[in-house]
Amino acid sequence: MKKFIAIAIMAFSMVTAQAITVDDVFNAFPDADNVEKVNLDKEMLAMMGNNKLSGIKDISAVRVINIKEPTSEQQAIAKRFLDADIDGMESLLDVYENGENVTIYTRSKGDVADRLLIVVASGAKEAVLVLVDGKININDINKLVKIGN
């Protein structure tokens, strides 16, 4: 019985060691000339007034990292996160077209997500991570995707 408990504890610690937080992802990219970081809290979003996010209620924060021409080290960091369990988020959408990959992860209960992570990779040219915190109806995610268009 003691062997079984020891093995179960080791297996559990190995699984939890692979789980990472969104903060781990955002903090993994050190400041560099090709890295731009933007953090918008609820007050900053409110000061933006009538904007394209106004149709989506209860957004409390938006974080963005834009990496132009990622270095091999930055690409290695990104690859480390591809198969990781990030804060219990699940892949909602994964699209690959014309050398660009877009993946949307959500952490939700029913039709409401409290966290949305959008990862856009354009080959070796550019990578963008967008994190949206708040209460987001899954049906409203289409509004967020259209903001850049």
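Here the structure is a predicted model, which means the values were calculated and not measured.
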Pair Val35-Ile65, side chain to side chain contact (heavy atoms under 4.5 Å, CB included): steps then yes or no | CA-CA 7 Å; Val35 177; Ile65 291 183; 4.1 Å; yes
Quick check: does any side chain N or O of Asn34 sit under 3.5 Å from a backbone N or O of Glu69, one acting as donor and the other as acceptor?
-> yes
Any side-chain heavy atom of Val130 sitting closer than 4.5 Å to one from Leu117?
-> no
Do Arg63 and Lys37 touch side chain to side chain, with heavy atoms closer than 4.5 Å?
-> no
May I ask you to test the Arg115-Met89 pair for a side-chain heavy-atom distance under 4.5 Å?
-> yes
Does the Thr106 side chain pair with the main chain of Leu116, one donor and one acceptor, at a distance under 3.5 Å?
-> no
Are Tyr105 and Leu92 close enough that some pair of their side-chain heavy atoms sits under 4.5 Å apart?
-> no
Between the main-chain N or O of Gln74 and the side-chain N or O of Thr71, is there a donor-acceptor pair closer than 3.5 Å?
-> yes
Taking Thr21 for the side chain and Asp24 for the main chain, is one N or O donor matched with an acceptor at less than 3.5 Å?
-> yes
So, do Val102 and Leu93 sit near enough that their side-chain heavy atoms are less than 4.5 Å apart?
-> no
Side-chain contact, heavy-atom cut-off 4.5 Å: Ser91 with Thr103?
-> yes
Are Ile59 and Val132 side-chain neighbours, meaning at least one heavy-atom pair lies under 4.5 Å?
-> yes
